[in-house]
Amino acid sequence: MICIVDRTVQPSPEIQQSVAAVEQIVGYNFRNKRLLEEALTHSSYSESPSYQRLEFIGDAALSLALSNYFFLAYPGVDPGTLSLLRSANVSTEKLARVAVRHGLYRHLRHNAPALRDKVREFTEAVTREDETPLVYRGSVRAPKVLADMVESVAAAMRLLEPIVTLEEVKSQPQPVTVLFELCQKHGKHVDIKHWRDETKSIASVYVDGVFVASGSSEQKEIAKLDAAKIALFKLSKSLGVSGRSMEFIAGNDGKFQIEEAKQKLHELCDKKKWPKPIYTIEKDEGPSHEKRFVSLVKISTADGVLCMVGDERSRIKDADNSAASSMICALQESGYI
């Protein structure tokens with residue numbers, strides 16, 4: 001008589017449904033289901049091993065798999081572009097969207113209420129977006145836990161669809177790269193300075209020694225990315241960078257601005273539940289009858305503090321409105337609104 005022994009390792013009873021659901025999502029039947037249980041468990045859930053060790057392996061495995069994929073898919077592409085393609089597909093933003101797209105986020109096991117709120121906010125933001133894939137980031141910062149979760153799930157490679165293609169990378173170029181290339185083309189020097197302010201990393205863009213824009217975030221690279229996006233929009237008028245369309249009116253000096261921008265920015269911050277904008281005078285020059293002012297506006301988003309400098313104006317009120325106009329445009333260009 002032959003006895004067939006089932007050597008399948010079953011998961012804990014309380015997570016059996018989630019394990020079964022994720023197996024269906026990835027299209028793979030795990031023999032050792034405890035591995036998948038670990039992949040779905042955050043470190044805040046102390047009753048079971050977490051995904052931290054699996055994440056370590058998954059990060060390297062996905063990077064290698066995508067390197068191989070793009071090497072074969074784009075035989076004529078140079079190594080630098082291959083690196084951009086790989087980075088776009090293994091970024092926290094991209095992998096977190098994979099977790100939302102395939103419903104993996106519903107099966108994350110944790111004991112962290114704050115984590116639940118961040119995941120919900122990101123999921124709702126992604127759900128409201130149109131079908132156009134975002135290569136870099138949207139209006140809400142992607143929770144790293146979702147990317148970690150994807151990296152930790154064995155056979156998650158198939159979940160990476162849709163792959164960010166070469167055409168999409170070209171249509172949504174990396175802002176920092178574009179900023180440096182554009183300024184170099186026009187004979188201008190770019191310098192991005194970084195520093196820490198308590199828990200935030202701050203990045204400020206200077207072109208030929210003149211401050212242009214600033215961004216901050218808990219992550220240095222996101223702060224740098226935001227600062228570059230805003231700087232590109234700020235420089236678009238003088239350097240010919242195209243941006244998204246907006247409703248503009250011309251001021252008396254021929255410069256463009258959004259009508260009642262200061263009030264609109266105040267309403268936007270109120271709607272987003274951000275603190276009120278803070279305005280400071282960056283430039284106050286000239287005799288009393290020919291005063292010229294330049295305003296800087298700061299707003300605190302969920303990702304950090306964003307700064308924008310307006311155009312030179314003859315009145316403080318108009319200088320503030322110019323700064324608010326630039327901020328609204330930059331927020332739209334950066335995907336915040």
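Side-chain atoms are counted along with the backbone in the values below, which use heavy atoms only and exclude waters and symmetry mates. Throughout, residue positions are numbered sequentially from 1 according to the sequence presented.
Listed by first and then second residue, the salt bridge (Lys or Arg N to Asp or Glu O under 4.0 Å) pairs involving residues 110-120 are D117-R120 (not counting sequence neighbours). Each salt bridge (Lys or Arg N to Asp or Glu O under 4.0 Å) pair with one or both residues in residues 36-54, not counting sequence neighbours, appears once here: R34-E37, E37-R109. Within the structure, the salt bridge (Lys or Arg N to Asp or Glu O under 4.0 Å) test picks out the following pairs touching residues 204-217 (sequence neighbours left out): K188-D208.
Scored by the salt bridge (charged side-chain N to carboxylate O under 4.0 Å, His left out) test, E285 finds K283 as partners (sequence neighbours excluded). Under the side chain to side chain donor-acceptor pair (under 3.5 Å) criterion, S67 pairs with R86, not counting sequence neighbours. Remark: E23 engages K33 in a salt bridge (charged side-chain N to carboxylate O under 4.0 Å, His left out) (not counting sequence neighbours). By the side chain to side chain donor-acceptor pair (under 3.5 Å) test, S63 is found to be paired with no residue, residues two or more places apart in sequence or in another chain being considered. In this structure, K317 has no salt bridge (charged side-chain N to carboxylate O under 4.0 Å, His left out) partners at least two apart in sequence or on a different chain.
Hydrophobic cluster of L54: the remaining members, joined at side-chain heavy-atom separations below 4.5 Å, are L35, listed by chain and number. Under the 4.5 angstrom side-chain criterion for Ile, Leu, Val, Met, Phe, Trp and Tyr, the cluster partners of F211 are Y206, V294, L296, V309. If you chain together ILVMFWY residues whose side-chain heavy atoms come under 4.5 Å of each other, V210 ends up in a group of its own. Membership of the apolar cluster around F56 extends to I57, as traced through chained side-chain contacts below 4.5 Å between ILVMFWY residues.
Taken from NE2 in H102 to OH in Y105, the straight-line distance is 12.5 Å, to the nearest 0.5 Å. Taking CG of L66 as the start and NZ of K94 as the end, the distance is 8.5 Å to the nearest 0.5 Å. Distance check, rounded to the nearest 0.5 Å: OG of S326 to CG of D311 gives 5.5 Å.
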Q: Please report the C-alpha distance between Y51 and T41 in whole Å, then the side-chain angles of each, then the deciding distance to 0.1 Å, and finally whether the side chain to side chain contact (heavy atoms under 4.5 Å, CB included) criterion is met.
A: CA-CA 6 Å; Y51 58 59; T41 304; 5.7 Å; no
Q: Please step through salt bridge (Lys or Arg N to Asp or Glu O under 4.0 Å) for the pair R97 and E93, ending with a clear verdict.
A: CA-CA 6 Å; R97 288 171 179 272; E93 179 77 24; 2.6 Å; yes
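Looking at S214 and I202, their side chains come closer than 4.5 Å, going by heavy atoms from C-beta outward.
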